[in-house]
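Here the structure is laid out as C-alpha cells; the discussion comes afterwards.
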Protein chains: 2
Amino acid sequence: MTTSPVKAGKTEPMSKSRLRLWLKLLKTSGLIEEELRRRMRAELGTTLPRFDVMSALSRAPDGLKMSEISKRLRVSNGNITGIVDKLTDEGIALRVSIPADRRANLVRLTPKGQALFARHAALHEAWIDEILAGLNADDVAGMVLRLDHLSTTLEDE
Amino acid sequence: MTTSPVKAGKTEPMSKSRLRLWLKLLKTSGLIEEELRRRMRAELGTTLPRFDVMSALSRAPDGLKMSEISKRLRVSNGNITGIVDKLTDEGIALRVSIPADRRANLVRLTPKGQALFARHAALHEAWIDEILAGLNADDVAGMVLRLDHLSTTLEDE
DNA sequence: GTAATTTACTTCAAGCTTGAAATATCTAAG
DNA sequence: CTTAGATATTTCAAGCTTGAAGTAAATTAC
C-alpha cells in the first residue's frame with residue numbers, strides 16, 4: 001500500500017457523522033412527537049402545545065407570569081398569549097392580576113384545569129412508557145447522559 | 001441494613017426515567033433546531049422546511065413526486081404543495097408533468113436551485129459540526145446506535 | 001366498458017410559531 | 001419630577017402544519 005499510514009481511508013469525517021447524528025435525532029424526536037400529537041388529538045381532544053402550557057402551570061401552584069411560561073417552554077411570548085387566551089376561555093386557566101405590577105399577570109390552572117391535567121398527565125406518561133418500551137434501563141441511562149452533556153453545552157453558548 | 005436486598009429503594013420506575021429521557025430528547029433537538037432556524041433566517045434568508053424540501057430534491061436528480069417528498073419528510077401532502085409552490089415561483093424548483101400519469105408531477109431543482117442548495121448544504125453541515133462540537137466520536141457513535149434502535153422500533157409500530 | 005376503489009394532488013380552515021412593532025408600566029438617573 | 005431605559009404583555013403579518021374535504025386521473029373488478 002502506498003498511501004500514507006496516517007490516513008486510514010475508511011474513516012468518515014466527524015462533520016459527516018455529526019450530521020448523521022443530527023438527522024437521526026431529528027427523525028426520532030419527530031416520530032415520537034407525531035405519535036404523541038396523534039394520541040392527544042384522538043384521545044384527549046387537545047394539542048401538545050396546550051398540554052405543555054398546562055404542564056408548566058401545574059408545577060407552579062402559585063401561578064406563572066406569561067414571560068415565565070414562554071421562557072420555560074422556549075417559545076415566543078406572543079405564542080403563549082394565544083394559547084393562554086384559549087385555555088382561559090375554556091375555564092382551564094385563569095389570569096390573576098398582580099397588585100404590585102400592573103404590567104404582569106399570574107396565570108394559574110383552575111380546579112377544572114388541574115383535574116383535567118391530572119388525567120392528561122397520567123395518560124401522557126403511560127404513552128411515553130409504551131412508545132419507549134424498546135429501551136431498557138441501560139439504554140435510557142446512556143442516552144440521558146449524552147443528551148445532558150449536549151444540551152448543557154448548547155445552553156452555555 | 002434491614003430493608004429487603006431485592007428492593008434497592010432508590011430506583012425510579014422505568015416510566016419516570018423514560019419520561020425524563022423524552023423530555024431531554026425533545027429539549028435537545030429543540031435547541032439545535034432553534035439554532036439552525038436562526039442561522040437559516042439570518043445568514044441565508046430561508047427556512048428549515050424549505051431547506052428540507054430542497055435537500056430531498058437534491059438527492060433525486062430525476063425529480064420526486066409530491067407524495068414522495070411528503071413521505072420522505074414525514075409531513076402532510078398539503079404542506080408540500082405550499083412550499084413547492086413558493087420554490088417554483090422563485091425559480092428554485094420546477095414541476096415537470098409525467099406523460100404516463102397526468103395526476104402526478106415530478107418536482108426538480110432548477111440549475112439555480114441546485115447551485116443555491118449546494119451553498120446552503122455546505123453551510124448547514126458546518127453549522128451542525130460547530131453545534132455538535134462538544135460530542136466526540138464515541139459520543140456520536142453511542143447516540144446513533146441508540147437512536148437507530150429506537151427509531152426502528154417506532155417505525156415498525 | 002363501467003362502477004368502485006385507489007392514488008395524486010390541491011384547497012381550505014384551524015391552529016401553532018415566530019419576530020417585529022406597539023402599549024403600558026415600572027425603575028433608575030439626574 | 002422627568003426622562004431614559006428596562007420589563008411585561010399584546011397584536012400582527014407571514015409562514016408552517018395538520019387533517020379533512022374536494023377534484024382529477026388511473027386502476028381494478030366485475
Side-chain angles (χ1 to χ4, degrees), chain A residues 26 29-31 33-54 56 63-90 92-93 95-107, chain B residues 26 29-31 33-54 56 63-90 92-93 95-107:
Chain A
L26 185 60
S29 71
L31 285 172
E33 203 169 333
E34 182 184 7
E35 179 63 18
L36 281 180
R37 191 166 4 99
R38 204 185 57 69
R39 296 192 192 197
M40 289 262 164
R41 164 191 295 265
E43 296 182 35
L44 298 178
T46 189
T47 64
L48 218 34
R50 289 167 56 102
F51 178 83
D52 290 341
V53 168
M54 291 173 71
L64 288 176
K65 289 198 292 187
M66 298 294 284
S67 50
E68 187 60 30
I69 302 174
S70 53
K71 198 172 107 191
R72 295 196 187 188
L73 303 187
R74 291 164 219 277
V75 297
S76 67
N77 261 343
N79 190 344
I80 296 299
T81 297
I83 295 174
V84 169
D85 280 353
K86 277 182 193 154
L87 292 179
T88 300
D89 288 348
E90 297 168 24
I92 290 170
R95 279 184 172 90
V96 183
S97 55
I98 309 172
D101 188 344
R102 280 182 300 168
R103 294 169 303 179
N105 298 295
L106 284 180
V107 184
Chain B
L26 185 60
S29 70
L31 284 171
E33 202 169 334
E34 183 185 6
E35 180 64 17
L36 281 181
R37 192 165 4 96
R38 204 185 56 69
R39 296 192 191 197
M40 288 262 164
R41 163 191 296 266
E43 297 182 35
L44 298 180
T46 190
T47 64
L48 218 34
R50 288 167 54 101
F51 177 84
D52 290 342
V53 169
M54 290 173 70
L64 288 176
K65 290 198 291 186
M66 299 294 284
S67 50
E68 188 60 27
I69 301 175
S70 53
K71 198 173 109 190
R72 295 196 186 187
L73 303 187
R74 289 165 221 278
V75 298
S76 66
N77 261 343
N79 190 343
I80 295 299
T81 296
I83 296 173
V84 169
D85 280 353
K86 278 183 191 151
L87 292 179
T88 299
D89 288 346
E90 296 169 25
I92 291 170
R95 279 184 172 91
V96 183
S97 55
I98 309 173
D101 188 344
R102 280 182 301 169
R103 294 169 304 179
N105 298 297
L106 283 180
V107 184

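Just so we're on the same page: letters track the sequence lines, and every chain starts at 1. We use all heavy atoms of the structure for the numbers below, so side chains are in, but hydrogens, waters and symmetry mates are not.
One interatomic measurement links the two molecules: CG of A/Asn77 to P of D/dA13, which rounds to 19 Å at whole-angstrom precision. In this structure, NZ of A/Lys65 is placed 13 Å from P of D/dT10, rounded to the nearest angstrom. Rounded to an integer number of Å, the gap from B/Lys71 NZ to C/dC9 C1' is 16 Å. The separation between B/Asn105 atom CG and C/dT10 atom P is 6 Å, rounded to whole Å. Put simply, CD on A/Glu68 is 14 Å from C1' on D/dT9, counting in whole angstrom units. Put simply, CD1 on B/Ile98 is 16 Å from P on C/dT7, counting in whole angstrom units. Distance CE (A/Met66) to P (C/dT25): 17 Å, rounded to an integer number of Å. Going from atom CG of A/Asp85 over to atom P of D/dT11 covers 7 Å, rounded to whole Å.
Here B/Arg95 pairs with B/Asp85 under the salt bridge (Lys or Arg N to Asp or Glu O under 4.0 Å) rule; sequence neighbours left out. Taking A/Arg74 as the reference, A/Glu155 meet the salt bridge (Lys or Arg N to Asp or Glu O under 4.0 Å) condition, with sequence neighbours excluded. Annotation: side chain to side chain contact (heavy atoms under 4.5 Å, CB included) contacts of A/Ser76 (sequence neighbours excluded): A/Asn79. In this structure B/Arg72 satisfies the salt bridge (Lys or Arg N to Asp or Glu O under 4.0 Å) test together with B/Glu68, sequence neighbours excluded. Among residues two or more places apart in sequence or in another chain, the salt bridge (Lys or Arg N to Asp or Glu O under 4.0 Å) test is passed with A/Glu34 by none. Take A/Leu36 and apply the side chain to side chain contact (heavy atoms under 4.5 Å, CB included) test, not counting sequence neighbours, and it matches A/Ile32, A/Leu48, A/His124, A/Trp127, A/Ile128, A/Ile131, B/Trp22. Checked against side chain to side chain contact (heavy atoms under 4.5 Å, CB included), B/Arg103 has the following partners two or more places apart in sequence or in another chain: B/Asp101. Evaluation of the side chain to side chain contact (heavy atoms under 4.5 Å, CB included) rule for A/Lys86 yields A/Arg50, A/Glu90 as partners, not counting sequence neighbours. With sequence neighbours left out, B/Arg38 forms a side-chain hydrogen bond (donor to acceptor under 3.5 Å, both in side chains) with B/Glu35.
With contacts defined as side-chain heavy-atom distances shorter than 4.5 Å, the pair A/Lys65/A/Val107 does not qualify. Using a 4.5 Å heavy-atom cutoff, the side chains of A/Met40 and A/Thr46 are in contact.
Using a 4.0 Å heavy-atom criterion, one finds that A/Arg95 contacts the sugar-phosphate atoms exclusively.
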Every protein N/O lying under 3.5 Å from an N/O of nucleotides 1-3 of chain D:
none

Check: protein-nucleotides 23-27 of chain D nitrogen or oxygen pairs below 3.5 Å:
from   : atom 1 : to       : atom 2 : distance (Å)
D/dA26 : OP1    : B/Arg102 : N      : 3.0
D/dA26 : OP2    : B/Arg102 : NH2    : 3.4

Enumerate all atom pairs, one protein N or O and one N or O from nucleotides 14-17 of chain D, separated by less than 3.5 Å.
from   : atom 1 : to      : atom 2 : distance (Å)
D/dC16 : OP1    : B/Thr47 : OG1    : 3.2
D/dT17 : OP2    : B/Asn79 : ND2    : 3.4
D/dT17 : O5'    : B/Asn79 : ND2    : 3.2

